[in-house]
*Asks:* 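Before I ask anything, here is the structure I am working with.
Every heavy atom of this structure was used, including side-chain atoms; hydrogens, water molecules and symmetry mates were not. Whatever order the structure lists them in is the order used to number ligands and atoms, beginning at 1.
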Amino acid sequence: MLKIKWDDSLSVGVNLIDDQHKMLITRLNDMSNAVEMHQGLEKIMKTLDFLIKYTDFHFGTEEKHMTKFCYPGMDYHKKQHEKFKSTLNNLVEDFKEEGATEVLANSIDTFLINWLINHIKIIDIEFGKFLNEKGFECTE
Ligand code: FEO
């Protein structure tokens with residue numbers, strides 16, 4: 001299965017957001033490992049739960065700053081976050097019903113990991129540029 005390694009190409013130029021992305025990547029890799037190693041459903045659900053909670057926290061941070069600075073791309077960006085959250089929730093339901101099947105393992109690779117990389121490299125980087133143009137230093 002794919003693993004993401006954070007490097008400078010994923011930097012959005014805002015330390016707070018970069019640090020949260022690093023944590024998100026760690027949690028996504030943890031879940032991928034749990035599935036790959038055929039760990040029990042309970043363990044997989046736990047990593048999935050961590051991932052969902054951290055995703056909510058991270059998207060909330062970005063959206064808070066979008067609102068604060070009237071970011072013009074906010075609606076589109078928020079819709080992408082909602083789509084990701086919805087897919088994660090569907091994965092939880094699938095895991096509950098089917099366990100860690102190969103199909104589900106592949107959906108982590110093909111959807112979650114690729115989605116996150118593309119989202120950071122295109123949509124988040126654009127938002128990071130906007131924040132930097134505003135001369136804003138995110139600290140919370
Ligand atoms: Fe870093 Fe828009 O999620």
*Asks:* Excluding sequence neighbours, so at least two apart, what forms side-chain hydrogen bond (donor to acceptor under 3.5 Å, both in side chains) with D7?
*Replies:* S9
*Asks:* Do S32 side-chain atoms and L28 backbone N/O form a donor-acceptor pair below 3.5 Å?
*Replies:* no
*Asks:* What protein N, O or S atoms come within a distance below 2.8 Å of atom 1 (Fe) of ligand 1, ordered by chain and number?
*Replies:* H21 NE2, H58 NE2, E62 OE2, D124 OD2
*Asks:* Tell me, please, which residues at least two apart from N90 pass side-chain hydrogen bond (donor to acceptor under 3.5 Å, both in side chains).
*Replies:* none
*Asks:* Do D49 and K53 meet the salt-bridge criterion of a basic N to acidic O distance under 4.0 Å?
*Replies:* yes
*Asks:* Check each of K64, H58, H65 against E62 using the side-chain hydrogen bond (donor to acceptor under 3.5 Å, both in side chains) test, and report the only one that passes.
*Replies:* H58
*Asks:* Please list, chain by chain and in numerical order, all residues satisfying side-chain hydrogen bond (donor to acceptor under 3.5 Å, both in side chains) with T55, sequence neighbours excluded.
*Replies:* none
